[in-house]
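Beneath this line is the structure, given in structure tokens, with notes to follow.
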Amino acid sequence: MENGAHGKTILDRIVAARRESVSHRKRVLPHVALKFAVQKQAAARDFAAALSRPGCNVIAELKKASPSLGLIRENYQPVPLARSLEAAGAAALSVLTEEEFFQGSLADLKEVKKAVSIPILRKDFIVDPWQVWEARAAGADSFLLIVAVLSDELLAELLALGRELGMEPLVEVHSREELARANAASAKIIGVNNRDLRDFKVSLQTSFDLVQAIPENAVAVSESGLHNREDIERLRSAGFDAFLIGERVMKQADPGVGLKELLGTVDAGAAGTH
């Protein structure tokens, strides 16, 4: 799965497909229409504050499928799932909006936003300012920026635009070099992805290796590969403020119970077989 045609990684293929999709959508939906839709939105919910509460802050991810696992949840109903995860104690929700590789959609995000009161992160491969406007128009309170697919100039531009629209983005890194670039851009919410997006291999050691280089005044988020309460406690002790967890809860018969187990508010046995 690491390399496809002409030696391209899965990340290369996803980003290329995203650029093509954005180019098409820009022709269909004029920028002026997006700006009008943004003006109609209520102020964004405070994503950074939600991740900085005392205790264990989990961004629970709504994800139907992924390139590495294929279909993750057959009975994927975003609104009931979102309500269940909010009731179980999620600090925020992440909604996949990439259609081709993750089977997500902006329609999912719009419906989820109406159904819950916690902040919503748009999880996508954002490579164009138009997508930031699109995210806010859909009701997103934050959005993902993956340092690996952005130049320094574009990263700074997208960060500034997000703040202009009232959204503080989650800036994702996977290496010391990427973290240095995020710090140079003054990112305020930094996510360490334990999954290498080039080959989709996962190691929690990535978070432990990078956490000391995340500034004290930034919100530190560990993403992917967290499977149990012990993982969360170890990462909290290392200095992380919040945790993005998707597959671990999406695979559960009852994701709300699965999240409670991770938060330590239900016995492990109540969550069923893993």
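Throughout, numbering of the chain's residues begins at 1 and tracks the sequence.
- For E172 (side chain) and H174 (main-chain N/O), no donor-acceptor pair under 3.5 Å exists by modelled atom type.
- Nearest heavy-atom pair, L204 versus S224, reported as atom, atom and distance to 0.1 Å: CD2-O, 3.8 Å.
- There is a path of hydrophobic side-chain contacts, each under 4.5 Å, that joins L121 to Y76.
- Other residues, nucleotides and ligands place no more than 12 heavy atoms under 6.0 Å from the CD atom of E20.
- Connection of V202 to V192 is not established within any shared hydrophobic cluster, with ILVMFWY side chains joined at heavy-atom distances below 4.5 Å, either directly or through further cluster members.
- Hydrophobic cluster membership is shared by V147 and I10, with clusters built from Ile, Leu, Val, Met, Phe, Trp and Tyr side chains linked at under 4.5 angstrom.
- A distance of 10.5 Å separates NE2 in H24 from CG in L29, rounded to the nearest 0.5 Å.
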Distance-only check: which donor-acceptor pairs under 3.5 Å involve side-chain atoms of residues 210-223, not counting sequence neighbours?
| unit_1 | atom_1 | unit_2 | atom_2 | d |
| --- | --- | --- | --- | --- |
| S222 | OG | N194 | ND2 | 3.1 |
| S222 | OG | S207 | OG | 2.8 |

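- Smallest separation of non-hydrogen atoms from A90 and A60: CB-CB, 4.1 Å.
- For the atom pair CG (L85) and CG (D254), the distance works out to 9.0 Å, reported to the nearest 0.5 Å.
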Worksheet item: Yes or no on side-chain contact (heavy atoms from CB on, under 4.5 Å) for Q131 and V22, after CA distance, side-chain angles and deciding distance?
Response: CA-CA 8 Å; Q131 292 169 284; V22 170; 3.5 Å; yes
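- Here the shortest heavy-atom pairing between A137 and L34 reads CB-CD2, 3.8 Å.
- Remark: F102 engages F125 in a ring pair (Phe, Tyr, Trp, His ring centres under 6.0 Å) (not counting sequence neighbours).
- Side-chain atoms of S21 do not come within 3.5 Å of backbone N or O of A17 as any donor-acceptor pair.
- Nearest heavy-atom pair across A253 and R73 is O-NH2, 3.3 Å.
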Practice prompt. Evaluate the side-chain contact (heavy atoms from CB on, under 4.5 Å) criterion for residues L69 and F200: first the C-alpha distance (whole Å), next the side-chain angles of each, then the deciding distance (0.1 Å), finally the verdict.
Written response: CA-CA 10 Å; L69 290 180; F200 278 68; over 6 Å; no
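- Atom OG of residue S66 and atom CD of residue E247 lie 5.0 Å apart, to the nearest 0.5 angstrom.
- Residues V58 and L226 fail the side-chain proximity criterion, which asks for heavy atoms closer than 4.5 Å.
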Side-chain atoms of residues 138-146: list all donor-acceptor pairs with protein atoms under 3.5 Å, sequence neighbours left out, distances to 0.1 Å.
| unit_1 | atom_1 | unit_2 | atom_2 | d |
| --- | --- | --- | --- | --- |
| D141 | OD1 | R45 | N | 2.8 |
| D141 | OD1 | K113 | NZ | 3.0 |
| D141 | OD2 | I120 | N | 2.7 |
| S142 | OG | E168 | O | 2.7 |

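- Under the rule for a side-chain contact (heavy atoms from CB on, under 4.5 Å), P54 has no partner lying at least two apart in sequence or in another chain.
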Fill in: Verdict with supporting geometry, I59 and F47, side-chain contact (heavy atoms from CB on, under 4.5 Å)
CA-CA 10 Å; I59 308 165; F47 186 63; 3.8 Å; yes
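- Listed by chain and number, the residues in a salt bridge (Lys or Arg N to Asp or Glu O under 4.0 Å) with E111 are K114 (sequence neighbours excluded).
- Put simply, the side chain of D108 never gets that close to the backbone of G104: no donor and acceptor are under 3.5 Å apart.
- No hydrogens or angles considered: nothing links the side chains of R19 and S23 as a donor-acceptor pair under 3.5 Å.
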For residues 148-161, which side-chain N or O atoms pair as donor and acceptor with protein atoms under 3.5 Å away, sequence neighbours left out?
| unit_1 | atom_1 | unit_2 | atom_2 | d |
| --- | --- | --- | --- | --- |
| S151 | OG | L154 | N | 3.1 |
| D152 | OD1 | R181 | NE | 2.6 |
| D152 | OD1 | R181 | NH2 | 3.0 |

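- Smallest separation of non-hydrogen atoms from P119 and A91: CD-O, 3.6 Å.
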Worksheet item: So T97 and K110, side-chain contact (heavy atoms from CB on, under 4.5 Å) or not? Walk me through it.
Response: CA-CA 10 Å; T97 60; K110 290 176 184 177; over 6 Å; no
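- Residues satisfying the side-chain hydrogen bond (donor to acceptor under 3.5 Å, both in side chains) test with W133, not counting sequence neighbours, are H31.
- A pairwise comparison of heavy atoms in I190 and A182 identifies CD1-CB, 4.5 Å as the closest pair.
- By the rule that hydrophobic residues join a cluster once side-chain heavy atoms approach within less than 4.5 Å of another member, L179 and V171 end up as members of one cluster.
- In this structure, the separation between CG on L93 and CG on L244 is 10.0 Å, given to the nearest 0.5 Å.
- For the atom pair E98 CD and S105 OG, the distance stands at 11.0 Å (nearest 0.5 Å).
- Between D241 and L51 there is no side-chain heavy-atom pair separated by less than 4.5 Å.
- With sequence neighbours excluded, the residues that form a side-chain contact (heavy atoms from CB on, under 4.5 Å) with Q41 are R136.
- For the pair T206/N193, no side-chain contact is recorded, criterion being any heavy-atom separation below 4.5 Å from C-beta on.
- Applying the salt bridge (Lys or Arg N to Asp or Glu O under 4.0 Å) test to every pair with at least one member in residues 121-131, sequence neighbours left out, gives these pairs: R18-D124, K26-D128, E61-K123, R122-D124, R122-E134.
- Counting only residues at least two apart or on different chains, no salt bridge (Lys or Arg N to Asp or Glu O under 4.0 Å) pair has a member in residues 29-40.
- Dense packing is recorded around CD of Q205, with more than 12 heavy atoms of other residues, nucleotides or ligands lying under 6.0 Å away.
- Residues D12 and T9 have side chains that bring a donor and an acceptor to within less than 3.5 angstrom of each other.
- Side-chain heavy atoms closer than 4.5 Å link hydrophobic residues (I, L, V, M, F, W, Y) into clusters, and following such links, possibly through other members, connects I126 to I14.
- Residues meeting the side-chain contact (heavy atoms from CB on, under 4.5 Å) test with R236, sequence neighbours left out: C56, R229, I232, E233, F243.
- Atoms NZ and CG, from K64 and N75 in turn, are 9.5 Å apart once rounded to the nearest 0.5 Å.
- Annotation: salt bridge (Lys or Arg N to Asp or Glu O under 4.0 Å) contacts of R234 (sequence neighbours excluded): D231.
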